[in-house]
Each structure stands twice: as structure tokens, then as C-alpha cells.
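All remarks here apply to the structure that follows.
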Amino acid sequence: MAGVKFDHVWKRFGDFVALNDLNLEIEDKEFLVLVGPSGCGKTTALRCLAGLEEVTDGSVMIGDTIVNDIAPKDRDIAMVFQSYALYPHMTVFDNMAFGLKLRKVPKEKIKEKVQQAAEILGIEHLLKRGVARNWAKIKT
């Protein structure tokens with residue numbers, strides 16, 4: 001385990017500011033809970049830490065290393081959300097593609113986007129795997 005530091009971190013989505021000069025230091029082995037109303041930036045901060053969102057300004061550090069430009073799969077970070085939405089009868093690919101299918105994104109674009117996300121996360125080898133066999137472990 002290592003400490004985590006957000007040093008003047010900003011995250012903008014166009015004109016919308018999701019993180020406004022976040023400064024937070026979590027010591028090695030320290031336990032921290034992020035609490036706040038919906039939309040205050042809790043998930044955005046965690047997504048920036050995991051590398052799932054690019055920091056607009058500032059630095060995110062794990063230990064003594066600035067990780068802004070380190071791929072998510074190389075950060076050794078895992079996130080589990082309070083409410084997950086996996087469909088046990090679908091493959092990993094189908095679960096990842098589901099939202100895009102609902103939006104009627106063309107099949108080739110879905111395949112491209114899911115593959116790209118899987119590569120970022122380092123899970124390409126899991127795309128054909130069904131999630132049902134691990135459902136009992138996930139639910140407990």
C-alpha cells in the first residue's frame with residue numbers, strides 16, 4: 001500500500017468543473033471515507049486516481065510517483081462501486097457494450113470502444129468470459 005495525494009487537481013468536462021482545486025493527502029495505511037452529496041466529485045476523484053479520467057490540471061500521486069500519465073492497468077488500483085450493474089447472463093464484452101447498444105451506437109463502433117476500454121484496463125483476455133460463474137462471489 002502507498003499514500004495517495006491530490007495536488008491542486010482540477011477536472012473539467014468542457015465548461016463544467018467537476019473537481020475544483022482538490023488538495024487531499026492520504027497517508028500509507030490510513031483509512032478514508034469520501035462522503036458528500038451526489039455530484040460533488042467523489043467518483044470523479046476516484047476515477048482520476050484510477051486513471052479512468054484524465055486530470056485537467058494538477059497532479060495525482062501514488063507514493064512518490066506522479067501517475068497522471070501512467071496507464072490505468074499500471075497503477076495497481078481497483079475500484080468497487082457501492083451499486084454495481086452486471087448482468088450475469090452476459091459476457092464481460094456484452095456488459096461493457098450494453099449502454100452503447102441502448103444508445104444505438106453502430107456495432108463496429110461498439111466493438112472498437114469496448115476493445116479500447118478493455119486495453120486501457122488490461123482486461124482484453126476477459127471479454128469473452130461470462131460473469132454468471134462468478135456471480136455468487138460477487139453478490140456476497
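Ile26 is not connected to Val35 by any chain of hydrophobic side-chain contacts under 4.5 Å among Ile, Leu, Val, Met, Phe, Trp and Tyr, and they are in different clusters. No single ILVMFWY cluster, assembled from side-chain heavy atoms under 4.5 Å apart, contains both Phe16 and Trp10. Met96 and Ile120 end up in different hydrophobic clusters when Ile, Leu, Val, Met, Phe, Trp and Tyr side chains are linked at under 4.5 Å.
Side-chain contact between Lys109 and Leu100 is absent, with no heavy atoms from C-beta onward closer than 4.5 Å.
In plain terms, the two heavy atoms of Leu19 and Val17 that are nearest each other are O-CG1, 3.4 Å. When every heavy atom of Lys42 is checked against every heavy atom of Pro37, the shortest pair comes out as NZ-O, 3.1 Å.
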With side chain to side chain contact (heavy atoms under 4.5 Å, CB included) as the test, would you mind laying out the steps for Leu52 and Leu121 before giving the verdict?
CA-CA 9 Å; Leu52 302 175; Leu121 296 169; 3.3 Å; yes

- Task: Check the pair Asn95, Met90 against side chain to side chain contact (heavy atoms under 4.5 Å, CB included), reporting the backbone distance first and the verdict last.
- Result: CA-CA 6 Å; Asn95 269 278; Met90 294 182 183; 3.5 Å; yes

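Under the salt bridge (Lys or Arg N to Asp or Glu O under 4.0 Å) criterion, Lys11 pairs with Glu53, not counting sequence neighbours. Take Asp21 and apply the salt bridge (Lys or Arg N to Asp or Glu O under 4.0 Å) test, not counting sequence neighbours, and it matches no residue.
We find that Glu108 and Lys111 are not joined by a salt bridge, their nearest charged nitrogen and carboxylate oxygen being 4.0 Å or further apart.
The 12-atom threshold is exceeded at NZ of Lys101, counting heavy atoms of other residues, nucleotides or ligands nearer than 6.0 Å.
The line from CZ of Phe93 to CG of Leu126 is 14.0 Å long, rounded to the nearest 0.5 Å. Distance check, rounded to the nearest 0.5 Å: CD1 of Ile110 to CZ of Arg103 gives 10.5 Å.
Listed for the Asn23 side chain is a donor-acceptor partner under 3.5 Å among the backbone atoms of His8.
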May I have the list of side-chain donor-acceptor pairs in residues 55-78 shorter than 3.5 Å, sequence neighbours left out?
| from | atom 1 | to | atom 2 | distance (Å) |
| --- | --- | --- | --- | --- |
| Thr56 | OG1 | Arg12 | N | 2.8 |
| Asp57 | OD2 | Arg12 | NH1 | 2.8 |
| Asn68 | OD1 | Val60 | N | 2.8 |
| Asn68 | ND2 | Gly58 | O | 2.8 |
| Arg75 | NE | Val67 | O | 3.4 |
| Arg75 | NE | Ile70 | O | 2.8 |
| Arg75 | NH1 | Cys48 | O | 3.0 |
| Arg75 | NH1 | Leu49 | O | 2.9 |
| Arg75 | NH2 | Val67 | O | 2.6 |
| Arg75 | NH2 | Asn68 | O | 3.4 |
| Arg75 | NH2 | Ile70 | O | 3.0 |

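Side-chain contact annotation: Gln115 with Glu119, donor-acceptor N/O pair under 3.5 Å present.
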